[in-house]
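Computed from a predicted structure; not experimentally measured. Here is how names work: the chains are called A, B, and so on, in the same order as the sequence lines, proteins then strands, and each is numbered from 1.
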2 protein chains.
Amino acid sequence: MSSPALDTRSRILDAACRALGSGEAAPEIRMADIAKAAGVSRQALYLHFKNRADLLIATVRHVDIAADTDAVLAESRGATGPRRLSAWIAAWGGYIETVYPYAKALMAMYDDDPDAAAAWDDRMHAMREGCAAAVEALVRADRLTPDLTPDLATDLLFALLSIRMWEVLTKEQGWPIERYIAEMTKLAHARLVVAAAPV
Amino acid sequence: MSSPALDTRSRILDAACRALGSGEAAPEIRMADIAKAAGVSRQALYLHFKNRADLLIATVRHVDIAADTDAVLAESRGATGPRRLSAWIAAWGGYIETVYPYAKALMAMYDDDPDAAAAWDDRMHAMREGCAAAVEALVRADRLTPDLTPDLATDLLFALLSIRMWEVLTKEQGWPIERYIAEMTKLAHARLVVAAAPV
DNA sequence: GCGGGACTTGACATCGTGTCAATCTAACTC
DNA sequence: GAGTTAGATTGACACGATGTCAAGTCCCGC
């Protein structure tokens, strides 16, 4: 059933996937390595992908078919008010952890490759919507700090939850993911959420 | 007085400096470009620097002889309590702005070159001390939020003020530096500082 | 058995880094 | 003034990576 072409293509994607996943920094991953890992000639890669960036982008897409941003976003859609903010932060924090190596690869290609940049921007757009929705939930519950506009609050939350920030805290400072989520939640609440008005 | 060697060396550094400063992404800057800009042969670069990384690191050092981290740190040393935190954030925010392109270059080399990594770590260590000192000022004034240890607070502040975070807010989201400083100040205060105890 | 698509092999162009050897030049020394 | 020498230049080359090309091989379906 599976044509041999498809088989090879996915063998390549799997190999690239493993390569990206295994801690190795993205720029270090060579076409020859991927080919070898896939048990395929280097040239075969160019039969299926137009170049290195194309392959890596396809790899990233391949990975998060399973764990998609939208699903994460949905996960927090139930809650309202400040609890929605918490849910969003927790869901996103967990998501980054699984997706990080691939996101990093995309980031690394951002400057060189316009397609990679587009793929990245796409992802970040979805992520920003999650932030905006969480802020909107605060607004609806009348719990957004008065000196913040929804836009500004969204910017701030987006920045706090950026992969860059995650990287600093968990990779550079060695925070476990639980602490990351706990502290980010407290931080966001401290700045964005105001106490409920007395009835 | 100035030997011709020194003269050439600084012409190279100036050229590299201009190249790094002019928006160009660091990986794009080629040895040949720098040589051309310095009005010198490509090989001359290798007479003065052992390789590309060495040159770029020297360039970064060259740049912030004037605007040094320690000076920035000193700038905030006067204030006490929460005002010290504000002073530190303002001073650091302004400093990043001038130093950003060079810092970025160093960051970009981090994975490849151990010397670049060391230079970077050195800088970040100094920066972390600034954060620790600001937190210490809060502790002394009895104004650190009780559910934060000084270490955790320092981690958090360090992450908030990281170049990465600055990048997201000012470069990606287009915040003017004033807004960055204002919002970071509010954010840090919201999370780290507790109201003064009543007398 | 034959045609054609998928893959391989090996060669090659290109680009950037880094090395090397030969040459040039200007300044310093005797 | 001649010789030495450090600093530069020129041009060539090795290396490693990407990407291209052409010819050949293998296997599958008709």
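- Heavy-atom distances under 4.0 Å link DNA chain C to B:Arg30, B:Met31 of residues 30-40 of chain B, given in residue order.
- Put simply, CZ on B:Phe49 is 14 Å from P on D:dG7, counting in whole angstrom units.
- Rounded to whole Å, the distance from CE on B:Met109 to C1' on C:dT17 is 15 Å.
- Put simply, CG on A:Leu45 is 10 Å from P on D:dT18, counting in whole angstrom units.
- Following rounding to the nearest Å, B:Arg9 (CZ) and D:dA8 (P) show an atom-to-atom distance of 11 Å.
- Classification of the A:Trp166-A:Tyr180 ring pair by plane angle, with boundaries at 30° and 60°, yields perpendicular.
- When the P atom of C:dT17 is taken as reference, atom CG of B:Asp112 falls 13 Å away, rounded to whole Å.
- With respect to B:Asp113 and B:Arg52, no salt bridge is recorded, no charged nitrogen being found less than 4.0 Å from a carboxylate O.
- For A:Asp121, the CG atom counts as densely surrounded, since its 6.0 Å shell holds more than 12 non-hydrogen atoms of other residues, nucleotides or ligands.
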Please produce a list of atom pairs where a protein N or O lies less than 3.5 Å from an N or O of nucleotides 23-27 of chain D.
none

Exercise for the section: Take A:Arg9 and A:Asp14 through the salt bridge (charged side-chain N to carboxylate O under 4.0 Å, His left out) test and state the conclusion after the steps. Expected result: CA-CA 9 Å; A:Arg9 188 186 157 92; A:Asp14 284 351; over 6 Å; no
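- Set against C:dT9, D:dG19, D:dT9, the side chain of B:Ser41 has D:dT9 as its closest nucleotide.
- Counting only heavy atoms from C-beta on, A:Arg52 has its side chain closest to D:dG19 among C:dT8, D:dT9, D:dG19.
- At least one side-chain nitrogen or oxygen of B:Thr8 sits closer than 4.0 Å to the OP1 or OP2 atom of D:dA8.
- For the side-chain contact (heavy atoms from CB on, under 4.5 Å) test with A:Leu45, the passing option among A:Asn51, A:Asp54, A:Val40 is A:Val40; the others fail.
- Side-chain N/O atoms of B:Ser10 and B:His62 include no donor and acceptor closer than 3.5 Å.
- Rounded to whole Å, atom P of C:dT17 lies 12 Å from atom CD of B:Glu28.
- Looking at A:Gln43, its side chain comes within 3.5 Å of the base of D:dT20 through a donor and an acceptor atom.
- Salt-bridge annotation for B:Asp33 and B:Arg30: present, with a side-chain N of the basic residue lying under 4.0 Å from a carboxylate O of the acidic one.
- Side-chain atoms of A:Arg42 and base atoms of D:dG19 include a donor and an acceptor less than 3.5 Å apart.
- The closest donor-acceptor contact from the side chain of A:Thr145 to the backbone of A:Arg191 lies under 3.5 Å.
- Rounding to whole angstrom units, CG of residue A:Asp7 and C1' of C:dC7 are separated by 13 Å.
- Geometrically, A:Arg123 does not engage A:Trp120 in a cation-pi contact, judged by NZ or CZ lying under 6.0 Å from the ring centre and within 45° of the ring axis.
- Look at B:His48 and you'll find a side-chain N or O under 4.0 angstrom from OP1 or OP2 of D:dA8.
- Atoms OH (A:Tyr46) and P (C:dG5) sit 24 Å apart, rounded to a whole Å.
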